[in-house]
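Right, one structure below, let's go through it.
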Protein chains: 2
Amino acid sequence: MAVSEAGNGRGVTLDAVARVAGVSRATVSRVVNGNPKVGEEAKRQVERAIERLGYIPNPAARSLVTRRSDSIGVVIPEPPGMLFGDPFFPRLLRGISTELAARNYQLVLLMPQSPEEEPRVERYLAAGHVDGALLVSLHGEDAMPAALAARGIPVVVGGRPPGGEGVSYVDVDNVGGAKAAVAHLIRAGRRTIATIGGPPDMSAGTDRLEGYRQGLAAGGLALDAALEAAADFTQEGGAEAMRRILAARPDVDGVFAASDLMAAGALQVLRAAGRRVPEDVSIVGFDDSSIAATAEPPLTSIRQPIEEMGREMVRLLLEQASRPGSVPRKVILATQLVRRRSSEGGPKR
Amino acid sequence: MAVSEAGNGRGVTLDAVARVAGVSRATVSRVVNGNPKVGEEAKRQVERAIERLGYIPNPAARSLVTRRSDSIGVVIPEPPGMLFGDPFFPRLLRGISTELAARNYQLVLLMPQSPEEEPRVERYLAAGHVDGALLVSLHGEDAMPAALAARGIPVVVGGRPPGGEGVSYVDVDNVGGAKAAVAHLIRAGRRTIATIGGPPDMSAGTDRLEGYRQGLAAGGLALDAALEAAADFTQEGGAEAMRRILAARPDVDGVFAASDLMAAGALQVLRAAGRRVPEDVSIVGFDDSSIAATAEPPLTSIRQPIEEMGREMVRLLLEQASRPGSVPRKVILATQLVRRRSSEGGPKR
DNA sequence: ACAGATCGTGAGAGCGCTCTCACGCCAACG
DNA sequence: CGTTGGCGTGAGAGCGCTCTCACGATCTGT
């Protein structure tokens, strides 16, 4: 009964509702938009008419005059390695979606699959389809944040943009997390601690490397370039990096990998090389993804509040959108060490 | 130089372009929309003006008159277990996104986080924000497909809708895949083959169970309810199911799990119970997700063409949207057995 | 040479909504 | 009693675009 006659809503206009309710379009509009300056009686009539006709406002018409779309764009370029096997994006999207839903905003997902597609995405965002944009997972000197900002589109970036500041962003405490991981390894009695870093053109890579170095320094251990190997966040990359480290420093007894996937790759290589984990070598990963719990042995890892990151990005964006010209802001979320078997054992502390 | 003066595009209207180009609005509109009935000279002038002003059409205004939005909605309700640790959604989204991008459509992602939010989503879709909707991963008798169809919104479902037919859908060959998995186990010499099924209210669950049964029948093996345990696609659920099976049938020598995650859980339980994999028990999973390759031993699994599924869903949807009232169609995509160590060994064949 | 077809172009009518402004009403004020 | 001031309401002007229709110019056939 709620939904009714004329194919419910398709084609029912404000005007039709006004006629049925015996009021003017303006009054119906007020009721629909919750404007308080409407009489009791008129309001009742309008509500009944809306119900009866199954009226749903035409978003295009509304958007045309309000110049808002009540939706935001989420841009996720495709770093193929990261997307798979890592529930990072689903979780981030969930956080974003939750916060948006609570504010009655919609989410337009844009996945440029190659740099060539970026202009298309940029154009789309610039067209006013969305009230703002969330950019995630930028490589190198991505020009998009700046380009969008120049066009006056509110932007918030997920993860510290490598290209420098000048734009709002939300990030997890990569440095602190990595540092905590290393401290944990040192506490476990490890003294020859290697790291498998992420790509040098992503801040998640460089920041975790920085944290690793700070961790060593804090523990009074010396740096050694032979103990640092960069990879691409993938399992295969992690395995490859582990091989290099093992070749250069066979005496390695601790490994901090900047992602669980890479840690898993390292695990396989270590095992193949006859090293026992955690007896001979302790490993700590990053992300606390499902693979960490699944691996054998389960991986100690650094948990990052991904959903919260998504939510915070939305808050920042909408705040910024509502107050144009506000100064860029950054939010850093704390990480947390999750202990599992891969870092147990080891020598006495 | 490309982008220019007035803050590039924001606020530049068709009319402004027309004035600069010295033609009428209609002509500019024709050029923008690729209408061939435009003279060479006029076209050149218009293109130059567009370039100079950085004109981008206002999507709301366009949508208001064309009654199309050039975007489609993708509804992903949140079955928390499946979302994590399983790159299913990212891959599906990627397939969808690829196909949409090729046709210049946009993707609006809707993630109702609870059944209470579904009306909101339905309302949104019904408002004409999108030209059609893709629904994924339905549990039980989800009313949404029917409700949307009733409102005249083109719908395509991903995975056979449990509630029956009457709506277009794309699915992978779950029955065939499961059957192939069982056949593979039989070929490996296994004779006491259990299955860890998915939720009975999801077609991916029931269809794979059906395939398992067909596989046993085809191999001349008898069914045994004690060899069938349902779970929820999660690792923990898989572990739990494995324990039940082990308790009832300690002689089990083959396991077909309806997801890799559950297979991984089973693996841990088997190992904890002193069973060697694959020497004592062979395991085959489903999905061929990253965890399959990561597990120790790596899991034989059934690969499903997830990206292709996404693409096909889009094709079906747009076809349906362009030809209203067309009859619902279903598309079933083939699966493929991927052999890994978890099903090697075993007794002589 | 003229009728008719063809082609490029412009004028103008909306699409469905929001929002400003003005108006009529009635209570309260001096 | 006339005036001021809310308050609820309606009229109407757009928002920027598409698309139909009509019109003048050029082309074709006889």
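Worth knowing before you read on, the calculation uses all heavy atoms, side chains too, and leaves out hydrogens, waters and symmetry mates. Protein chains get the first letters and strands the later ones, always in sequence-line order, with residue 1 at the start of each.
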Whole angstrom is fine here: how far is it from [atom1] in [X] over to [atom2] in [N]?
| X | N | atom1 | atom2 | answer |
| --- | --- | --- | --- | --- |
| B:N58 | C:dC17 | CG | C1' | 13 Å |
| B:R68 | C:dC15 | CZ | P | 18 Å |
| A:E41 | D:dT9 | CD | P | 9 Å |
| A:N35 | C:dT20 | CG | P | 11 Å |
| A:E40 | D:dC7 | CD | P | 15 Å |
| B:I50 | D:dC17 | CD1 | C1' | 13 Å |
| A:K43 | D:dG10 | NZ | P | 16 Å |
| A:D15 | C:dG14 | CG | C1' | 13 Å |

Query raised in the report: More than 12 heavy atoms of other residues, nucleotides or ligands under 6.0 Å from CZ of A:R329: is that the case?
Result: no
Query - Other residues, nucleotides, ligands: >12 heavy atoms within 6.0 Å of B:R44 CZ - result: yes
Listed nucleotide nearest any side-chain atom of [X], set [options]:
| X | options | value |
| --- | --- | --- |
| A:L14 | C:dG10, C:dC17, D:dG16 | C:dC17 |
| B:T66 | C:dC17, D:dG16, D:dT18 | D:dT18 |
| A:L64 | D:dC15, C:dG10, D:dT9 | D:dC15 |
| A:V65 | D:dG16, D:dT9, D:dG14 | D:dG14 |
| B:R62 | D:dC17, C:dG10, D:dT9 | D:dC17 |

What is the minimum heavy-atom distance between [X] and [Y], and which atoms define it?
| X | Y | value |
| --- | --- | --- |
| A:V157 | A:M313 | C-CE, 3.8 Å |
| B:D70 | B:D131 | N-OD2, 2.8 Å |
| A:K37 | A:R30 | O-CD, 4.1 Å |

Phosphate-side-chain proximity, [X] and [N], N/O vs OP1/OP2 below 4.0 Å:
| X | N | value |
| --- | --- | --- |
| B:R25 | C:dT9 | no |
| B:S29 | D:dT18 | yes |
| A:N33 | C:dT18 | yes |
| A:S24 | D:dG10 | yes |

Query raised in the report: Closest nucleotide of DNA chain C for B:R67 versus for B:R30: which of these residues is on the 5' side?
Result: B:R30
Report task. Looking at every strand, decide which applies to A:A60 at a 4.0 Å heavy-atom threshold: base, sugar-phosphate, or nothing. Result -> nothing
Requested in this report: Classify the nucleic acid contact of B:V32 as base, sugar-phosphate or nothing, counting any heavy atom under 4.0 Å across all strands shown.
Outcome: nothing
